[in-house]
There are 2 protein chains.
Amino acid sequence: MIKCPKCREVEFVQKSGIVRGKQRYFCKSCDYHFTLPEPPNPTEGKRHHQVTIMDIANQLGISKSTVSRALRGHTDIHAGTRKMILDLAQQLEYQPNPLANALLKSRTNIIGILVPEFRHYFFPTIIMGAQEVLSKAGYNVMICQSDESYETEVTNVKALMSSRVDGLLVSVAAQTNNVDHFRAVLRKEVPLVFFNRVCPELETPQVIVDDYNGAFQAVEHLIEQGYRRIAHLAGPISLLVSRLRLQGYLDALQKHNLPVENGLIIHYDLTEEKARIYANYLLSLPQPPDAIFAINDPTAIEIMLVAKSRGVKIPQELGIVGFSNDPISSIIEPSLTTLEQPVREIGKQAAHLLLHQINADVSEWKPVHQVLKTHLIVRESSRKEKVTNEPA
Amino acid sequence: MIKCPKCREVEFVQKSGIVRGKQRYFCKSCDYHFTLPEPPNPTEGKRHHQVTIMDIANQLGISKSTVSRALRGHTDIHAGTRKMILDLAQQLEYQPNPLANALLKSRTNIIGILVPEFRHYFFPTIIMGAQEVLSKAGYNVMICQSDESYETEVTNVKALMSSRVDGLLVSVAAQTNNVDHFRAVLRKEVPLVFFNRVCPELETPQVIVDDYNGAFQAVEHLIEQGYRRIAHLAGPISLLVSRLRLQGYLDALQKHNLPVENGLIIHYDLTEEKARIYANYLLSLPQPPDAIFAINDPTAIEIMLVAKSRGVKIPQELGIVGFSNDPISSIIEPSLTTLEQPVREIGKQAAHLLLHQINADVSEWKPVHQVLKTHLIVRESSRKEKVTNEPA
DNA sequence: ACCAGTTTCGGGAAAGTTCCCGATAGTTTT
DNA sequence: AAAACTATCGGGAACTTTCCCGAAACTGGT
């Protein structure tokens, strides 16, 4: 009944256990184990067989190598053959499979971008800038957001690394104190560039703006406008950008011989709720500040809303300055004084630095620190002296 | 001088042309063509050999199949062996190469998201919603923006398709009139789900909000507030969302026996500049409207800014209603009446529908149309009668 | 016809993984 | 102890592309 597929005998075949649910046989004659091959199921064919280089080769009766050469634009090929291949490829809507290529070359042409959030104007704009130069260079981007959480950031970095991105563009989360996950990236020699929220302890390229001078200008402007008790709603001390802006604030006070009150300096985690809470706290002090320099525009906006809800008059009773020139700062009333920074340019520069790292050998990597200029835009929220421009 | 690598003879070897810059030889004795092999260059080794399944197998003296089984959590393996493998894998920081897997299974675990822009609140929030459910399901996302341009949209779709995404989440561009590029996606049987800006002519799942009723409510509210010449700054007629909101506008007027003035209905391309231009146009008409229903909040904001700059009093001389409840609409003064929609939920629903398509057979695909509710939020920009809540 | 030289093409390896299936050693049943 | 199993493992194909290199097919000149 059962015929040995090797010696074609029947009589020497005997049962020999069951493997994975299928009866196995043993042919004593030719000492051969076997199971009956199942007839292939014709109902379930290939899902959607993407047209490959082999389809073209078979259809044309040539080899895959030749097709590859034609598609790659190699010289080693007859003009007629090339045309034939190119025509058929177009007709079949052939699209090269980037996975095979990526596997072979171990590069995916994907760049990972990791930002704390992208609800506001700032990070989306940076991403747009980066995307502009990256897509020109033939790269796609994969965007993740850490939500300011250290754990999420670690998870995201791992996910991006496991996706084998060719490089990483990162702005670190507010809660991040440990940068081992970025060290792991560098250990695997994957190019890494920071922007805005950078890691000074790591030897990587980074793009920031002149945070110190920006903050200095902002606070000096407030002082010149006559404000004297200037508070600073700062970012977490772990971020360099927070420390730099804080230093600018401190030095501006010092230059003008104003006392530093620690109670007027608040570090917070950059969440909306906390901004509101601390704004309320500051304004309900027995001696409330007469101005607040905020780490960024969303923070400044929150402060402004709290002040308005408490009936505090801006800029008469409270001056406010933000940072970044979010479009909303010119829309809100009173309009917000802020520091303009070339947001889109930050993304472009970061992308350029990253591309440079990618195309260079690891030994040539240079931790370039790019610093872009800021520019103070004075609007209503800090213009105490309304008469400046009027004739005497 | 030259020894044949086959027969080791010297005397029968003769030159035989040059191939790719290298001297070729021919051995008459054994009828064999050959070129001299170049010594391998020892200086350039592998860049950074990612640890593979084979490294583990070799180090343990077992086969790659066994390692794969252990890593995959198969049953067909000895507990001790598995532990050994798992331990070594952890020690070596082994990360499976998703490219190889993707090539084999022809699925990348990447979802493409295509939006017109992400500068404003709306699309980033949708993306966040989608990302939330997609990353839980083990998918990464690749985000593109069409910038409202048809050409860019086509390019992006091609790029995402060539990246072999497992599915596509799309909101179409304002300028898109031709949907052949989406037909191509469906032809390749790649799951496709639209949201907000949908393609009714394609049989795909889609997630929208109740645009018609939302618009109807908005306009009816304006009428109830006493406005009579209500203009509509609409989106391009090519978008279903524009047509639905327009219809809601029209029907609300009709219900209240107000005449439809075609001059007060303007379709535009959703760019900021055009919004400003048309707002100015409307307000400079000999008989300007006393209210404007805007297709969305950014448009409404632009109108508001234009009105303010022209000294038009809101809401007394001009009522304004937007759509989407962008956070800015509650910040601006006067605050903007708008239709709240569950933005984040749109992204989540769309992602769910997409996952469902991915996990189902093509034959089971259903073009589900999900319609989420909107909710009118009345704020200052349309509250003509301030006395409503005061005692008589 | 012969040979040097050139043009064009094909075969096979490689990339890393999963999966199928055959194979072996050990274990239980009769 | 043979027979019937079970548990565990290895070998190889497959996925798609690129690249190396050998080989065949030409081209002219003698």
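Chain letters run A, B, ... following the sequence lines, proteins first, then strands; residues in each count from 1. Hydrogens, waters and symmetry mates are skipped; everything else that's a heavy atom, side chains included, is used.
Taking only side-chain nitrogens and oxygens, B:S106 never comes nearer than 4.0 Å to OP1 or OP2 of D:dC15. Residue B:S68 has a polar side-chain atom (N or O) positioned under 4.0 Å from OP1 or OP2 of C:dT18. Between B:Y25 and D:dA23 there is no side-chain polar atom (N or O) within less than 4.0 angstrom of OP1 or OP2.
Between B:D55 and B:V51 the shortest heavy-atom distance is OD2-CA, 3.3 Å.
Taking the side chain as every heavy atom from C-beta outward, A:V133 and A:Y139 never approach each other to under 4.5 Å. With a 4.5 Å cut-off on side-chain heavy atoms, A:K188 and A:M161 count as touching. At a threshold of 4.5 Å between non-hydrogen side-chain atoms, the residues B:F194 and B:L169 do not count as touching.
One interatomic measurement links the two molecules: CG of A:L60 to C1' of C:dC9, which rounds to 13 Å at whole-angstrom precision. Taking atom CD1 of A:I53 as the reference point, atom P of D:dT16 lies 11 Å away to the nearest angstrom. The distance from atom CD of A:Q95 to atom C1' of D:dT17 is 15 Å, rounded to the nearest whole Å. With rounding to whole Å, A:L103 atom CG is found 17 Å from D:dA14 atom P. Atom CG in A:N58 sits about 13 Å away from atom C1' in C:dG10, given to the nearest Å. One interatomic measurement links the two molecules: CG of B:L99 to P of C:dT18, which rounds to 13 Å at whole-angstrom precision. Atoms CG (A:L104) and P (D:dC20) sit 11 Å apart, rounded to a whole Å. For the pair A:H74 NE2 and D:dC20 C1', the interatomic distance rounds to 10 Å; values are reported in whole Å.
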Distances under 3.5 Å only, N/O to N/O: pair up the protein atoms with those of nucleotides 8-12 of chain D.
| from | atom 1 | to | atom 2 | distance (Å) |
| --- | --- | --- | --- | --- |
| D:dT8 | OP1 | B:H78 | ND1 | 3.0 |
| D:dC9 | OP1 | B:T81 | OG1 | 2.6 |
| D:dC9 | OP2 | B:H78 | N | 3.0 |
| D:dC9 | N4 | B:D76 | OD2 | 3.3 |
| D:dG10 | OP2 | B:S63 | N | 2.9 |
| D:dG10 | OP2 | B:S63 | OG | 3.0 |
| D:dG10 | OP2 | B:T66 | OG1 | 2.5 |
| D:dG10 | N7 | B:R69 | NH2 | 3.2 |
| D:dG10 | O6 | B:R69 | NH1 | 3.1 |
| D:dG11 | N7 | B:S65 | OG | 3.0 |
| D:dG11 | O6 | B:S65 | OG | 2.8 |
| D:dG12 | N7 | B:K64 | NZ | 3.0 |
| D:dG12 | O6 | B:K64 | NZ | 2.7 |
| D:dG12 | O6 | B:S65 | OG | 3.2 |

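Judged by distance alone, with hydrogens and angles left aside, the side-chain atoms of A:Q131 form a donor-acceptor pair with the main-chain N or O of B:I143 at under 3.5 Å. One N or O on the side chain of B:S63 and one on the backbone of B:S65 form a donor-acceptor pair closer than 3.5 Å.
A:R187 and B:E93 are joined by a salt bridge, as a carboxylate oxygen and a charged side-chain nitrogen come within less than 4.0 angstrom of each other.
In this structure, A:P98 reaches neither bases nor backbone, as no heavy-atom distance under 4.0 Å exists between it and the strands shown.
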